[in-house]
Amino acid sequence: MVPADYYLSIVAYKRGVHWQTNKEKPYHWLLFIRTGNGGDTAEQGIAHQLHGMPGGFHYDGPENIIDINKPIAKFLDVDIGCIPREQLDTVTRLNPSVNPFQRSFVGEIRRIDEMARRVRFFASQIDKEKDVVPIRPLYDSAPLITVGPRAAQTIDELDVTLAEHESRLVKMNDSYQTLSERTKELMEAYHVLRETAVFFERAQGQHTNIRSSFDDSSAPLLQHDEREAQYSGTVQFDLEFVTGTIDRARIPVFERVLWRVLRGNLYMNHTDIVEPFVNPSTGEETRKNVFIIFAHGDALLAKIRKVAESMGATIYPIDPNADKRSESLREVTVRLEDIQNVLYNTGLNRRSELVKLGESLRSWQDVVRKEKMIYETLNLFNYDVRRKTLIAEAWVPTRDITNIQIGLRHATEQSGTNVPPILHELRTHKTPPTFIRTNKFTVGFQTIMDSYGTAKYQETNPGLFAIATFPFLFAVMFGDIGHGFIIFCAALYMILAEKKLARQDLGEIMGQFFFGRYIILLMGMFSMYTGLLYNDIFSRSLHIWHSGWNFQESNSTSIVGVNTGHVYPFGLDPGWHGADNVLVFTNSYKMKMSIVLGVTHLPNHIKFKRPVDIYANFIPQMIFLQSIFGYLAICILYKWSIDWSQTTAQPPSLLNMLIAMFLSPTSIKPELRLYPGQGVVQPVLLLLAAVCVPWLLITKPYLAWKEMKRIHNQGYSGLGDVPRDERDDVLEAEEEGDGRAIVEDASEEHEQHDFGEVVIHQVIHTIEFCLGCISHTASYLRLWALSLAHAQLSEVLWSMTLEPLLGPTSLVGWVALILMGLFWFSGTVFILCIMEGLSAFLHALRLHWVEANSKHFEGGGHVFAPLTFADDSVKE
């Protein structure tokens, strides 16, 4: 028999003798998990046939619910081994597969769900109210104490309070709904009686021309008034009528249907009801008409009623007697006034109830949300019924272990329990989740990098470098002192008013700008710095220091600048602004600068502590990249450092020099010579780059093959190589515990690759890197293109708006200058700052995600997601 103290047992039972051979059947092995909570069901649970056990057979059937206290228990006379729950490591892994309805705190979660439903019902009723119901914010609400000895009592009282409020509100809603429906019926009856009375009064005031020919068929068509009066007191027409209300949109269809059904044997009149009817549950307005239909005969009247009911009309029986109609109208009017008073009072009571709910709604929502999250987390724990304890395994930051211990001790003191919590650090080979501490300044940059991928555990965080590189690359494309100052001021305002703005609903677009306010702040600061380098402020130049160029007056159409020998201390000389060849100079300057920045940004290659990756991937990649593009960047800087006006040689074209380096590395043409010894350096660099390609292709696969061969020569083999027909003593040894290490190692998160996969991966990686060096370096030319486009667009906006109106001499000129100045400022903000800023932002984002991260960032980690009570949907 399985002992009651154990939850998981491995048992064997006899199956009797075979009916043909009369021999003992082999044992069957079972994995038995007790699910009973005590009493008569203590030995009830789930049994599953074990595969490959000695003496057994292979069985693929489903689990069976068994009760070992029933007659099958007589075969259960062999107990192989019982594993106590507190000593079984794999029980924690069984918890995710447990049915949610069988977990420990399912009752508490159901109770919290019911409380959450009530709170959502209160919130929906407040939202549906026409007049705004004030809701007290959470920070201004009295907190509910849900910790300590009174925690359970607080939740019980909250449950009772919510149930009472729901009961009252439901009764008020039902009463309000019933009264509204009754008011609607009385209003319709009032309008029907009133419009019917008006119709009959109008009909009596008109002179009738109906001929009564009851005496003779040969009587003339027209009679004298005296004769008509003679018959008027004695003749009564047998005409009855049907009255009611119908939707105004259905009146035309209603008339056509009645005309066809009754073949025109009817008289119909209808009048609009001015006041719309409002549905109290949906709030929809419906406009109706009162109709009165005269016909002769019960059959026609029955058809009219059926047609009216089929089209959604409401029929009201009206007495043909005028006195009785007047009495009914007075009675309906009195009842309508009474029920409207009751409805008004009911609405006031309902609104006062909603106002009372609004005082505590945010506090209730917060408590219910936190309690549900706590119990859902507790359901992930292992619950020891015998010891009444919870066992949990979780990742925690090492730096916070002391704080966690203090928090556990504080929770123990507040709860008033005598059972101290135990925190034990486990050693494991599993890869921990990635946890990066952020604050309101760094969270924006980290979010940008996390959108590309989460860094592995202990991998260098690229978000740290992005704090400097991202706004700088943006500023290279957006460089302007004035435009940078505008976005800097906008970000500074959002930072200074962040507490007020954080409590407001800014919407999706403005919310994104507010979230990245510190990114915008740095982008504005860096843009002012690069604008100072470009000497650009709203497409104009600043003369902070003396220019190095002197333009003398002359009568010729072109003025040639003369170099004074003075070097402008910082940034671009203002003498270039307005020159005819300014585009030639700035294009060359910004294009070469983009190449230098691209080569500098790419080699941030950071790896884990894997020696093979260092000298099989990192070193040859760096040599290949620096042999070609690093050499080009050095040549750019060297060319900038030479004063070509003092030499007899002409400055060579670096693009032609790089092309000739591959076509004829040893022979250097005079017009392409940059420095002495160039014919020796370039072949050596090309040779190094050529050697790096087979280095990348062969080294890592060879080392992997050598390591696999070494392991194979030592006698080790994979789990898949174990033969199926092993001896019983080996299986028994695994059963006794020798196989535990194999199971544990197999459960770890180590990736195993065969030799073919390593070769294919390395070939793809080598081709991708070699081609990516060219395409990614060329991709940094977008820095030059966006910077040029931004500067030209700013200059065009200035020259076509403000520049023609500068220096006004009349009042009209001043008015035109002010109006055009407003237009220029609006265009600067919305076109140059917002639209151009978003374009530069996206290009900077692409340079980080595609060009930079693909070279030095692996990713592949998973985010550390702890239990948190932060709720972004509730504005604090």
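Note that this is a predicted model, so its numbers are computed, not measured.
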Got Ser451 and Trp849 here, is their nearest side-chain heavy-atom distance under 4.5 Å?
yes
Checking side-chain polar atoms at under 3.5 Å, does Thr438 have a donor or acceptor matched by the opposite partner on Gln446?
no
Should we count CZ of Phe441 as having more than 12 external heavy atoms under 6.0 Å?
yes
Close side-chain approach of Trp798 to Arg540, heavy-atom, < 4.5 Å
yes
Side-chain (Ser541) to main-chain (Asn535) donor-acceptor, under 3.5 angstrom
no
Are more than 12 heavy atoms from other residues, nucleotides or ligands located less than 6.0 Å from atom OH of Tyr493?
no
Side chains of Ile774 and Phe629: does their closest heavy-atom pair fall under 4.5 Å?
yes
With no hydrogens and no angle check, is any side-chain donor or acceptor of Thr600 less than 3.5 Å from a backbone partner on Val596?
yes
What's the separation between atom OG in Ser779 and atom CZ in Arg846, rounded to the nearest 0.5 Å?
4.0 Å
ring-ring contact (aromatic ring centres under 6.0 Å, His included) with Phe538: which residues, sequence neighbours excluded?
His483, Trp824
Check: Phe841 ring centre within less than 6.0 Å of Phe470 ring centre
yes
CG (Leu781) and CG (Leu788) are apart, to the nearest 0.5 Å, by 12.0 Å
Answer yes or no: is there a donor N or O on one side and an acceptor on the other, between the side chain of Ser527 and the main chain of Met523, under 3.5 Å?
yes
Distance-only, no hydrogens or angles: does the Asn439 side chain make a donor-acceptor pair with backbone N or O of Thr442 under 3.5 Å?
yes
Step through the shown structure and confirm whether more than 12 heavy atoms of other residues, nucleotides or ligands are within 6.0 Å of CD1 on Ile509.
no
For Lys500, does its backbone N or O pair with a side-chain atom of Arg503 as donor and acceptor, under 3.5 Å?
no
For Gln762, all residues meeting side-chain hydrogen bond (donor to acceptor under 3.5 Å, both in side chains), sequence neighbours excluded
Asn617
Tell me whether Met525 at atom CE has more than 12 heavy atoms from other residues, nucleotides or ligands lying less than 6.0 Å away.
no
May I have the step-by-step check of side chain to side chain contact (heavy atoms under 4.5 Å, CB included) for Leu533 and Leu572, ending in yes or no?
CA-CA 6 Å; Leu533 285 176; Leu572 196 65; over 6 Å; no
Above 12 or not: heavy atoms from other molecules or residues under 6.0 Å from NE2 of His546?
no
Output, in order, the C-alpha distance, side-chain angles, deciding distance and verdict of side chain to side chain contact (heavy atoms under 4.5 Å, CB included) for Leu522 and Phe474.
CA-CA 10 Å; Leu522 289 187; Phe474 170 87; over 6 Å; no
Assess whether side chain to side chain contact (heavy atoms under 4.5 Å, CB included) is satisfied between Leu802 and Leu817, documenting all intermediate values.
CA-CA 7 Å; Leu802 275 183; Leu817 179 61; 3.8 Å; yes
Ignoring hydrogens and geometry beyond distance, is a side-chain donor-acceptor pair present between Thr447 and Asp450 at under 3.5 Å?
no
Say whether His790 and Glu795, considering side chains only, have a donor N or O and an acceptor N or O under 3.5 Å apart.
no
Please tell me if the side chains of Tyr534 and Lys590 come closer than 4.5 Å, counting only heavy atoms from C-beta onward.
yes
In the structure I gave you, are the side-chain heavy atoms of Thr431 and Lys456 within less than 4.5 Å of one another anywhere?
no
Looking at Tyr675, I'd like to know if its OH atom is crowded, meaning that more than 12 non-hydrogen atoms belonging to other residues, nucleotides or ligands lie closer than 6.0 Å.
yes
With distance as the sole test, does Ser839 use its side chain to make a donor-acceptor pair with the main-chain N or O of Glu836 at under 3.5 Å?
no
Heavy-atom distance under 4.5 Å between the side chains of Arg673 and Met657, does that happen here?
no
Would you check if Leu464 and Met449 make a side-chain contact, meaning some heavy-atom pair closer than 4.5 Å?
no
Side chains of Lys639 and Pro651: closer than 4.5 Å at any heavy-atom pair?
yes
So does Phe485 have more than 12 non-hydrogen atoms from other groups sitting under 6.0 Å from CZ?
no
Are Met661 and Leu686 close enough, and set up right, to give a side chain to side chain contact (heavy atoms under 4.5 Å, CB included), and what steps lead you there?
CA-CA 8 Å; Met661 176 180 171; Leu686 281 179; 4.0 Å; yes
With a cut-off of 6.0 Å (strictly less than), are more than 12 heavy atoms of other residues, nucleotides or ligands near CZ of Arg399?
no
Ignoring hydrogens and angles, tell me if any N or O in the side chain of Thr434 forms a donor-acceptor pair with the backbone of Val863 under 3.5 Å.
no
Aromatic contact, Trp545 with Tyr568 (centres under 6.0 Å)
yes
If we ignore angles and hydrogens, is there a donor and acceptor under 3.5 Å between the side chains of Gln678 and Gln682?
yes
Set of side-chain hydrogen bond (donor to acceptor under 3.5 Å, both in side chains) partners for Lys440, sequence neighbours left out:
Glu498
